[in-house]
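Contents: one structure, followed by commentary.
Just so you know, these numbers use all the heavy atoms, side chains as well, and skip hydrogens, waters and symmetry mates. Numbers for residues simply follow the sequence, beginning at 1.
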Amino acid sequence: MASAPSYISFRGVDFQYTSQGKSPTWILKDLNLEIARGEFYVLLGPSGCGKTTALTLLAGFEHQAAGTVSVDGRTITKPGVDRVVIFQGDDSLYGWLTAQENVEFGLKMAGMPASQRREKALRQLEFVGLKGQGHKFPSQLSGGMKQRIQIARALVCDSPILLMDEPFAALDAQTRAVLQDELTAIQRKIASTVLFITHDIGEAIILADRIGIMRSGPASALKEEITIDLPRPRRRGDPAFGALYDRIHATLSEEVDKVMRREQAAA
Ligand SMILES: Nc1ncnc2c1ncn2[C@@H]1O[C@H](COP(=O)(O)OP(=O)(O)OP(=O)(O)O)[C@@H](O)[C@H]1O
Ligand SMILES: [Mg+2]
């Protein structure tokens, strides 16, 4: 995968938030990241290093000060239907629509006939473990169920690129494990390209074709990339899994320690 031609590219990307006042600091500096078509790429890194920022540049919600972010050779200038975004705890469901109507909403806007969108929505609801719950309104659903509706609503669009920012973080461990397996299966079936952010090293190893570990900020970029070639389905008890886990944990810990030392020095 790593040597396949690049589909998503970050080249020499520098970014700072303009709202930061007199002395803005670079969040990202010279970020270079290449993702192949159909690849499942997972970003790990200490809190605040700029993972979500990188994802929002690719989504077209923010713009870099230097460098380019492109998909299939086209520079990203704005959000697009080819890139669907799922954020953690995203609470953007329409309260006056049922779960199923929420899942169908984007398809309806795109002009898909009712019977076709109903079939797709029902399949997605089943995928996220909410078969038979489509008639309920968001106020009748738990936080985890609402998050699963968000995921269904995004997946139903069959977008070629999925941008997922800690989408499972608010879910219970059991549901999370089921969705990890299901997401792997569906991603392989529809061959979408995924940029997935998590803090969970185990989740990263279960899902990823490749893992990118970011340095602590400011001026963050990739520190290391690791190709995960364990056969699927991957299980945490496997010794090779454990060895990878330890290696990634050691790399991440170095970066987290840097953040803590910097915070202590500033205190
Ligand atoms: N809208 C904003 N305005 C100013 N600074 C911001 C804004 N959003 C994020 N930042 C800062 O940019 C840096 C990177 O934030 P980002 O959300 O990308 O980190 P992250 O790696 O996703 O962290 P986490 O793992 O905690 O989600 C942080 O220092 C954060 O405080
Ligand atoms: Mg984040």
Side-chain angles (χ1 to χ4, degrees), residues 1-4 6 8-10 13 27-36 38-55 57-58 86-88 162-185 187-188 192-263:
M1 269 293 182
S3 58
S6 152
I8 293 170
S9 285
F10 291 76
V13 170
I27 304 296
L28 302 172
K29 192 76 186 154
D30 198 22
L31 173 66
N32 292 289
L33 170 56
E34 307 285 334
I35 304 176
E39 189 172 25
F40 201 121
Y41 192 98
V42 177
L43 262 188
L44 286 168
S47 182
C49 72
K51 302 179 294 299
T52 297
T53 301
L55 185 140
L57 293 176
L58 178 55
I86 306 172
F87 286 112
Q88 174 191 355
L162 296 175
L163 306 179
M164 306 181 89
D165 193 352
E166 304 190 51
F168 302 155
L171 302 177
D172 64 279
Q174 187 64 35
T175 307
R176 192 169 174 152
V178 170
L179 289 184
Q180 285 164 358
D181 284 350
E182 296 286 354
L183 179 62
T184 308
Q187 189 262 340
R188 295 205 117 48
S192 49
T193 307
V194 184
L195 177 60
F196 188 105
I197 295 172
T198 182
H199 278 281
D200 181 335
I201 299 173
E203 179 167 87
I205 299 172
I206 282 172
L207 294 172
D209 292 314
R210 243 173 349 130
I211 294 176
I213 303 172
M214 289 179 71
R215 282 199 305 264
S216 61
S220 183
L222 278 185
K223 175 176 180 169
E224 188 178 345
E225 288 182 304
I226 301 172
T227 300
I228 311 294
D229 46 19
L230 300 179
R232 290 184 163 91
R234 297 169 178 162
R235 292 292 165 235
R236 289 170 196 256
D238 177 355
F241 193 111
L244 265 172
Y245 188 103
D246 291 347
R247 174 178 165 197
I248 294 168
H249 185 263
T251 306
L252 262 177
S253 296
E254 278 172 22
E255 295 308 303
V256 174
D257 286 349
K258 277 187 210 162
V259 178
M260 288 172 71
R261 279 202 298 275
R262 203 173 301 129
E263 281 171 2

Side chain to side chain, [X] and [Y], heavy atoms closer than 4.5 Å:
| X | Y | answer |
| --- | --- | --- |
| Phe168 | Asp200 | no |
| Thr184 | Arg234 | no |
| Pro46 | Leu252 | yes |
| Ile206 | Arg236 | yes |
| Leu58 | Phe10 | yes |
| Leu55 | Leu43 | no |
| Ile8 | Tyr41 | no |
| Lys51 | His199 | yes |

Can you give me the closest heavy-atom contact between [X] and [Y], atom names plus distance?
| X | Y | answer |
| --- | --- | --- |
| Ile86 | Pro167 | CG2-CB, 4.0 Å |
| Ser216 | Cys49 | CA-CB, 4.2 Å |
| Asp209 | Gly38 | OD2-O, 4.0 Å |
| Arg215 | Leu222 | NH1-O, 3.8 Å |
| Leu28 | Met214 | CD2-CE, 3.6 Å |
| Val194 | Gln187 | CG2-CG, 3.5 Å |

Gap separating the [atom1] atom of [X] from the [atom2] atom of [Y], nearest 0.5 angstrom:
| X | Y | atom1 | atom2 | result |
| --- | --- | --- | --- | --- |
| Phe40 | Arg210 | CZ | CZ | 13.5 Å |
| Leu163 | Phe196 | CG | CZ | 12.0 Å |
| Thr53 | Ile27 | OG1 | CD1 | 6.0 Å |
| Arg232 | Asp229 | CZ | CG | 10.0 Å |
| Ile197 | Met164 | CD1 | CE | 11.0 Å |
| Leu183 | Arg188 | CG | CZ | 10.0 Å |

Which side-chain N or O atoms in residues 238-250 pair as donor and acceptor under 3.5 Å with protein atoms at least two apart or in another chain?
unit_1: Asp238; atom_1: OD1; unit_2: Ala240; atom_2: N; d: 3.1
unit_1: Arg247; atom_1: NH2; unit_2: Glu224; atom_2: OE2; d: 3.0

**Prompt:** Of all residues at least two apart in sequence or in a different chain, which pass the side-chain contact (heavy atoms from CB on, under 4.5 Å) check with Ala208?
**Reply:** Val42, Ile211, Ile228
**Asked** salt bridge (Lys or Arg N to Asp or Glu O under 4.0 Å) with Arg262: which residues, sequence neighbours excluded?
**Response** none
**Side-chain donor/acceptor of Asn32 to backbone N/O of Asp30, under 3.5 Å** = yes
**Message:** Under a 3.5 Å threshold, yes or no: a donor from one side chain and an acceptor from the other, between Ser9 and Glu34?
**Reply:** yes
